[in-house]
Amino acid sequence: MTIRDLAAVTRHRAVVGGIVISLLACAVNITGALLEVGWMQEARWFYVPPLVVALIAAGGLRDVRGRWWAAGLALSWVGDTQGGRGFLILLGAFLLAHVCYVVALWPTRGQSLLGRRAAVPYALLGVAGVVVLAPAAGLALAAPVTAYAALLTLMAVLAAAAGRVGVIGGLLFMVSDLVLGLGIFAMDLPGALQTLIVIGTYVPAQVLLLLGVLLLIRARAGLSPTSHRQRLG
C-alpha cells in the first residue's frame, strides 16, 4: 500500500469522517475507563456504525466482498453493544463476524500469507492463545474458544493480502482478543488497563481492516495505481 492508494480509498469526506468518529469513540471509551466515568464508556455504540458509513461512502457495497464486510461490521457492533450480557453472546457475535470477514477475504487468498512461512507467527500466536485460554475457559467453552481462535487467525492471515494495512490490522485484532480472553479467563487485569489494551487495539484493527478490504476491492476494479507486490514491498 502506498500513500496514493490510501488517498484513493479515502477521497470521500464521509470515509475520513467515519474513521475519525470511530477512533474518537475509542478514545472517549478508554478515557472513561481510566477516569471511571460511566457515560463515556457508552461510546462503544459508536465504534462501528461510522465505519459502515465509510464503507458505503467508498462504494464498498457495490462489491460482494464489501457486502460481506458490512455484515461482519454489523455483527461486530452486536458484540460491542450486547456482549456485556453474556460471554456466549460476545463470542457468537464476533465468531460470525469473522466468518463474514473470511468470506470477504477468501477470493484474494492467493495474495495473502495463507500457506506461506510468514503465516507461522500468526499460527503460533493463535495456538498460544488456545493453550492458555481453552483450559481456563472450562470444558464447556474450550471447543468454541478454540474454533474462534482458529477463525480469527485465518482472518488475520487472509487480511495480509491488503499489504501492510491488512497485516497490522489482523495482528492488532489478534492481540485485542487474546488480551480480552486473558482478562476474562486467566488473569485479574485492572479494568482500565484491559480497556486500554483491548479497545486501543480493537478499534484501530477494524479501521485498518476496513481500509484493507477497500484497497482489495479497488484493486479488483483495476483502479489501484500500484501492484499488489508494490504494496507488500
Side-chain angles (χ1 to χ4, degrees), residues 13-57 69-101 125 129 132-134 136-138 140-141 144-145 148-149 151-152 155-156 168-211:
R13 289 183 180 178
V15 176
V16 177
I19 291 172
V20 169
I21 292 171
S22 180
L23 293 174
L24 282 175
C26 170
V28 169
N29 198 345
I30 291 173
T31 302
L34 293 173
L35 299 179
E36 298 184 350
V37 180
W39 67 266
M40 295 179 72
Q41 296 176 57
E42 295 302 311
R44 68 182 183 276
W45 288 78
F46 301 100
Y47 299 154
V48 168
L51 299 183
V52 176
V53 172
L55 177 64
I56 295 170
W69 205 266
L73 286 172
L75 287 161
S76 296
W77 182 78
V78 172
D80 293 340
T81 59
Q82 305 303 313
R85 298 177 180 271
F87 177 72
L88 288 179
I89 295 175
L90 178 69
L91 182 68
F94 277 103
L95 189 148
L96 292 175
H98 286 304
V99 169
C100 294
Y101 290 163
L125 182 59
V132 173
L133 298 178
L141 291 176
V145 167
Y148 180 82
L151 196 60
L152 172 62
M155 182 281 296
I168 297 171
L171 288 174
L172 285 178
F173 219 129
M174 293 187 72
V175 170
S176 176
D177 282 355
L178 177 59
V179 175
L180 177 62
L182 289 173
I184 293 174
F185 296 118
M187 298 176 63
D188 186 16
L189 293 175
L193 176 61
Q194 181 168 313
T195 299
L196 175 63
I197 299 174
V198 172
I199 303 304
T201 51
Y202 164 70
V203 177
Q206 290 278 28
V207 169
L208 291 172
L209 289 170
L210 172 63
L211 291 173

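Positions are given from 1 along the sequence.
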Counting only pairs under 3.5 Å, give me each side-chain donor-acceptor contact of residues 77-97, with atom names and distances, residues two or more places apart or in other chains.
unit_1, atom_1, unit_2, atom_2, d
Trp77, NE1, Trp45, O, 3.1
Asp80, OD1, Tyr202, OH, 2.9
Asp80, OD2, Tyr202, OH, 3.0
Thr81, OG1, Trp77, O, 2.9
Gln82, OE1, Arg85, NE, 2.5

Donor-acceptor contacts under 3.5 Å from residues 191-201 side chains, at least two apart:
unit_1, atom_1, unit_2, atom_2, d
Thr195, OG1, Gly191, O, 3.0
Thr201, OG1, Ile197, O, 2.7
Thr201, OG1, Val198, O, 3.1

Can you give me every donor-acceptor pair (side chain of residues 15-28, partner residue at least two apart or in another chain, under 3.5 Å) with its distance?
unit_1, atom_1, unit_2, atom_2, d
Ser22, OG, Tyr47, O, 2.6

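Atom-to-atom distance recorded for Leu209:CG and Leu51:CG is 10.5 Å, nearest 0.5 angstrom. Note: Leu133 CG to Leu180 CG = 9.0 Å, rounded to the nearest 0.5 Å. Gln41 contributes atom CD, which lies 5.5 Å from atom CG of Asn29 (distance to the nearest 0.5 angstrom). To the nearest 0.5 Å, atoms NE2 (His98) and OH (Tyr148) are separated by 3.0 Å. Distance check, rounded to the nearest 0.5 Å: OG of Ser176 to CD of Gln206 gives 9.0 Å.
In this structure, Leu141 and Phe185 have side chains that are in contact, with non-hydrogen atoms separated by less than 4.5 Å.
Listed here is the closest heavy atom pair of Pro204 and Leu172: CB-CD1, 4.2 Å.
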